[in-house]
There are 2 protein chains.
Amino acid sequence: MKMSGGVEWALHCCVVLSRAGAPVPAAKLAELHDVSQSYLAKQLQLLSRAGLVRSTLGQSGGYVLTRATSEITVLDVVEAIDGAQPAFRCTEVRQRGPLAVPAERCDTPCPIARVMDSADRAWRESLRAITVADLVADVGRTTPAETLEAARQWLRA
Amino acid sequence: MKMSGGVEWALHCCVVLSRAGAPVPAAKLAELHDVSQSYLAKQLQLLSRAGLVRSTLGQSGGYVLTRATSEITVLDVVEAIDGAQPAFRCTEVRQRGPLAVPAERCDTPCPIARVMDSADRAWRESLRAITVADLVADVGRTTPAETLEAARQWLRA
Ligand code: FES
Ligand code: FES
């Protein structure tokens, strides 16, 4: 099982956009992360489609978050990039073969599917409990103030 | 993010092997599940490599579980088939680009990676809390006794 590598970039972008405090052009975000513009553009497009970022036009145009970082959960970003489908998908194997359970008796999920679903819920709840604001605060705690200020300057330059 | 489809088959096989109470040939497991022998053989091989099943030789040979179903967690089966690697893998994007955090300051995981790790742990703990014995009991509760007996007969025939 492997999550899209774009999740790591997208979460870092959200933290950067929050810290920048002004629109950041896609090219600048790509340069900051030393990643190809086309790759990052794809992630920004997914964030935009999910309504988490939008791009502003004009001289000082660029990407901004659409709402407060305390209103964007890590799960929002993960689902924007990687989709909201559970990793486990029951294909009703119980309805196959010579001892198949008749379809009319399969109105409740298979016990196996239920277990996988509840693990999926635990995972999502864990990611829903943390917001981009929490990440920003955490990065702030672990990074020297002058580094953060240098970053802000660079982003606005 | 998508889990190997083999997980569903493998968990169903474990439940069946427990109910059979005797070795079940791979061909019979494939017939029962109406799936190709080669596909199921691959899943059985992964279960075997993880030490969860073994095959016995001879006339009435076939696959058996290697230990009590109460000693096999759903996580054991998921990791046997799908691997134990977390879905999110941090590639240290913080160490890239003009504002890179120097490697020597990256001795603790990035806050983003920490959040993803703790969600991964919640997911694994949820799957570790349920054993194949629990699944067997659950299937038993939701299946009529005569169906279960018919299944046992068919598996031993
Ligand atoms: S039928 Fe899909 S998990 Fe059992
Ligand atoms: S550097 Fe990998 S998640 Fe932040």
Side-chain angles (χ1 to χ4, degrees), chain A residues 1-5 7-9 11-12 15 31-35 74-75 78 82-83 85-91 93-94 96-101 105 108 110-116 118-127 130 134-135 137-139 141-144 147 150-151 154-155, chain B residues 1-5 7-9 11-12 15 31-35 74-75 78 82-83 85-91 93-94 96-101 105 108 110-116 118-127 130 134-135 137-139 141-144 147 150-151 154-155:
Chain A
M1 197 164 67
K2 194 165 172 356
M3 195 178 292
S4 159
V7 168
E8 187 181 6
W9 299 101
L11 283 165
H12 276 269
V15 170
E31 188 187 347
L32 172 68
H33 289 110
D34 184 23
V35 65
V74 173
L75 183 63
V78 168
D82 208 49
Q85 279 240 319
F88 177 87
R89 289 160 219 177
C90 169
T91 64
V93 315
R94 63 183 169 172
R96 300 172 68 116
L99 298 176
V101 181
R105 294 190 61 96
T108 55
C110 170
I112 290 171
R114 269 210 305 275
V115 169
M116 302 306 292
S118 90
D120 189 81
R121 271 199 304 280
W123 182 75
R124 275 169 222 276
E125 269 158 34
S126 178
L127 294 178
I130 309 291
D134 297 323
L135 294 179
D138 222 348
V139 169
R141 259 192 299 280
T142 53
T143 314
T147 309
W154 186 89
L155 284 165
Chain B
M1 197 164 68
K2 196 168 169 352
M3 196 178 292
S4 160
V7 168
E8 188 181 5
W9 299 100
L11 283 165
H12 276 270
V15 169
E31 189 187 346
L32 172 68
H33 290 109
D34 186 21
V35 64
V74 173
L75 183 63
V78 168
D82 209 50
Q85 279 239 320
F88 178 85
R89 290 158 219 179
C90 169
T91 65
V93 315
R94 62 183 169 172
R96 300 171 69 117
L99 297 176
V101 181
R105 294 190 61 95
T108 55
C110 170
I112 291 171
R114 270 209 305 273
V115 169
M116 302 306 292
S118 89
D120 189 81
R121 270 199 304 281
W123 182 75
R124 275 169 223 275
E125 269 158 35
S126 177
L127 295 179
I130 309 290
D134 297 324
L135 294 179
D138 223 348
V139 169
R141 259 192 299 280
T142 53
T143 314
T147 309
W154 186 89
L155 284 164

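Chain naming here is simple, since letters A, B, ... match the order of the sequence lines and numbering starts at 1 in each. Since this is a predicted model, take the numbers as computed values, not measurements.
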Compare every heavy atom of A:P98 with every heavy atom of B:W154, then report the nearest pair and how far apart it is.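 Looking at all heavy atoms of both residues, the shortest contact is CZ2-CG, 3.5 Å.
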Taking all non-hydrogen atoms of both residues into account, name the closest pair between B:M116 and A:V78 and its distance.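 That closest heavy-atom pairing would be CE-CG2, 3.9 Å.
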Check whether [X] gets within reach of chain A through its side chain, its backbone, both or neither, counting any heavy atom under 4.5 Å.
| X | answer |
| --- | --- |
| B:T91 | both |
| B:S4 | neither |
| B:L32 | both |
| B:V139 | both |
| B:R114 | side chain |
| B:R89 | both |
| B:V101 | neither |
| B:D120 | backbone |

Pick one of side chain, backbone, both or neither for A:R121, based on which atoms fall under 4.5 Å of a heavy atom in chain B.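 For A:R121, neither part sits under 4.5 Å from chain B.
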Can you say whether A:V115 sits under 4.5 Å from chain B via the side chain, the backbone, both, or neither, judging by heavy atoms?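 It is both, since atoms from each part get that close.
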Between [options], which shows the greatest number of heavy-atom pairs under 4.5 Å with chain A?
| options | value |
| --- | --- |
| B:D82, B:L11, B:L135, B:I112 | B:I112 |
| B:V74, B:V7, B:D34 | B:D34 |
| B:S126, B:A87, B:C90, B:G97 | B:A87 |
| B:H33, B:E31, B:R124, B:H12 | B:H12 |

Among B:K2, B:E8, B:M1, which residue meets the side-chain contact (heavy atoms from CB on, under 4.5 Å) test with A:F88?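 The residue from B:K2, B:E8, B:M1 that satisfies side-chain contact (heavy atoms from CB on, under 4.5 Å) with A:F88 turns out to be B:E8.
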Taking every heavy-atom pair that is under 4.5 Å apart, which of A:V93, A:T108, A:V15, A:L155 has the most such pairs with chain B?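 Going by pairs under 4.5 Å, I would pick A:V93.
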What residue in A:E125, A:R141, A:R105, A:Q85 has the most heavy-atom pairs under 4.5 Å with chain B?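 Heavy-atom pairs under 4.5 Å are most numerous for A:R105.
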